[in-house]
Number of protein chains: 2
Amino acid sequence: MSVNEAPSRPARVNPEAWANAVRAAWHAGGLRATEPRLRVLKTITRYAAPFTAEQLYTDLLAAAGERPGRATVYRTLEQLHGAGWLARIHTQGGEAGYAPSFPGHLHHLVCTSCGIVIAFEGCALDELLERLAAQTSFAIEGHLLQLYGRCAACRKR
Amino acid sequence: MSVNEAPSRPARVNPEAWANAVRAAWHAGGLRATEPRLRVLKTITRYAAPFTAEQLYTDLLAAAGERPGRATVYRTLEQLHGAGWLARIHTQGGEAGYAPSFPGHLHHLVCTSCGIVIAFEGCALDELLERLAAQTSFAIEGHLLQLYGRCAACRKR
DNA sequence: ATACCTGCAAACAATTTGCACAAAC
DNA sequence: GTTTGTGCAAATTGTTTGCAGGTAT
């Protein structure tokens with residue numbers, strides 16, 4: 001896979017590749033690479049597990065140097081999520097967080113122990129969708145799929 | 001299907017059957033069928049689409065007669081959700097709401113136009129899960145699956 | 001009688017907004 | 001220079017909590 005593309009095999013998102021892709025997309029879309037936004041990006045790349053807006057904001061406050069305002073953090077997250085660079089991850093317990101992702105049709109496998117997120121393509125739902133379309137007369141147009149499990153590292157412990 | 005069970009074919013949850021099942025479960029679990037709780041139950045059965053806690057509370061305030069306190073509404077919802085009588089439904093837009101459901105392994109198909117919810121069993125994910133387990137070395141232990149589409153009635157319009 | 005449950009009101013948490021100023025292109 | 005973005009602080013909105021008193025069984 002190239003550094004600017006989503007993985008075709010199940011894999012963690014590479015933080016550097018992700019940040020580069022976001023910067024490229026910002027530039028292409030006429031969005032400015034400001035200091036606060038770059039700080040947000042950098043902090044996100046350090047998370048191993050899904051994070052919340054408030055957690056990110058708190059971590060930015062704790063960091064050295066200029067601290068972005070809360071509004072900027074929320075606005076940046078909104079932009080990234082809207083453009084597909086952040087996926088909303090729902091834990092089994094019901095809390096929601098963001099994880100780096102790529103635009104397009106991807107799903108996520110989340111470790112219930114350490115929180116690492118694996119993105120994958122190919123959800124193999126065709127048969128199910130056909131069966132349900134036939135049984136319900138719905139025109140099915142989308143879906144939400146997320147998997148939970150324990151990653152190899154956590155299982156060893 | 002009996003009036004107290006989840007549908008084995010894809011179907012809307014029958015409101016009366018659902019309310020009866022909840023009352024039976026409350027009784028079996030030693031929970032009391034109080035006036036406020038019954039009002040909550042009754043109001044829920046009138047929704048055609050997923051609802052939020054605040055929406056439910058507002059509707060209860062608008063109704064005639066005794067009005068439950070906000071805390072009671074939230075606590076009742078928490079109980080119902082925890083016991084599996086309410087499913088958390090995530091819309092495509094990202095908002096969350098509750099919809100009547102049954103305990104056990106069910107998934108939901110939501111109309112993006114009118115919001116009606118169809119519950120179904122059988123998610124046919126076995127092959128996908130095996131493939132991913134092999135590719136990632138995760139021990140997969142659960143999943144979140146929801147489908148979106150337009151129901152027959154909405155398609156006619 | 002005795003758990004269990006309720007309502008209130010305050011605390012808490014999360015997110016959004018308006019607007020004057022600042023920075024990027 | 002103009003457009004786009006930022007920070008602040010207040011306003012919203014959503015949810016939880018402690019506790020004195022009420023109610024179902």
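Chain naming here is simple, since letters A, B, ... match the order of the sequence lines and numbering starts at 1 in each. Just so you know, these numbers come straight off a predicted model, no measurement behind them.
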Subject >> Nearest-nucleotide comparison on DNA chain C, the residue closer to the 5′ end among A:R32 and A:E78 >> reply: A:E78

Original post:
Given C:dT6, is OP1 or OP2 found less than 4.0 Å from the side-chain N or O atoms of B:T34?
Top reply: yes

**OP:** Take atom CG of B:L38 and atom P of C:dC4, then tell me their distance rounded to the nearest Å.
**Re:** 19 Å

**OP:** Look at all strands and tell whether B:R67 reaches a base, only sugar-phosphate, or nothing, counting heavy atoms closer than 4.0 Å.
**Re:** sugar-phosphate

Original post:
Base, sugar-phosphate, or nothing: which does A:R37 touch, judged by heavy atoms less than 4.0 Å apart?
Top reply: sugar-phosphate

Original post:
Under 4.0 Å between a side-chain N/O of A:Y74 and OP1 or OP2 of C:dT15, yes or no?
Top reply: yes

Original post:
Are A:H107 and A:H143 close enough that their ring centers fall under 6.0 Å?
Top reply: yes

Original post:
Could you give the CH2-to-P distance, from A:W26 to D:dG5, as a whole number of Å?
Top reply: 10 Å

Original post:
Taking the inter-plane angle between the rings of A:W85 and A:F102 on a 0 to 90° scale, is it parallel (under 30°), tilted (30 to 60°) or perpendicular (over 60°)?
Top reply: perpendicular

Original post:
With a cut-off of 6.0 Å (strictly less than), are more than 12 heavy atoms of other residues, nucleotides or ligands near NE2 of B:H27?
Top reply: no

**OP:** Take atom CG of B:L77 and atom P of D:dT16, then tell me their distance rounded to the nearest Å.
**Re:** 10 Å

**OP:** For B:H27 and for B:T52, locate the closest nucleotide of DNA chain D by heavy-atom distance; then report the residue assigned to the nucleotide nearer the 5' terminus.
**Re:** B:T52

Original post:
Between atom CD in A:E95 and atom P in D:dT15, what is the gap in whole Å?
Top reply: 14 Å

**OP:** Using modelled atom types only, decide if a donor and an acceptor are shared between the side chain of A:R150 and the backbone of A:C111 within a distance under 3.5 Å.
**Re:** no

**OP:** Name the closest nucleotide to the B:A53 side chain, picking from D:dG7, C:dT15, D:dT15.
**Re:** D:dT15

Original post:
Starting at CD of A:E54 and ending at P of C:dT16, how long is that distance when rounded to a whole Å?
Top reply: 11 Å

**OP:** Measure distances between side-chain N and O atoms of B:R75 and base N and O atoms of C:dG7, and say whether any donor-acceptor pair falls under 3.5 Å.
**Re:** yes

Subject >> Any donor-acceptor N or O pair under 3.5 Å, side chains A:T112, B:E141 >> reply: yes

**OP:** Have a look at B:R70 and say if it touches a base, only the backbone sugar-phosphate, or nothing, with a 4.0 Å heavy-atom cut-off.
**Re:** base

**OP:** Give the rounded distance in Å between these two atoms: CD of B:Q79 and C1' of C:dC4.
**Re:** 13 Å

**OP:** Measure the distance from CG on B:L60 to P on C:dT6 and round it to the nearest whole Å.
**Re:** 12 Å

Subject >> Atom-to-atom span, OH of B:Y57 to P of C:dG7 - whole angstrom >> reply: 9 Å

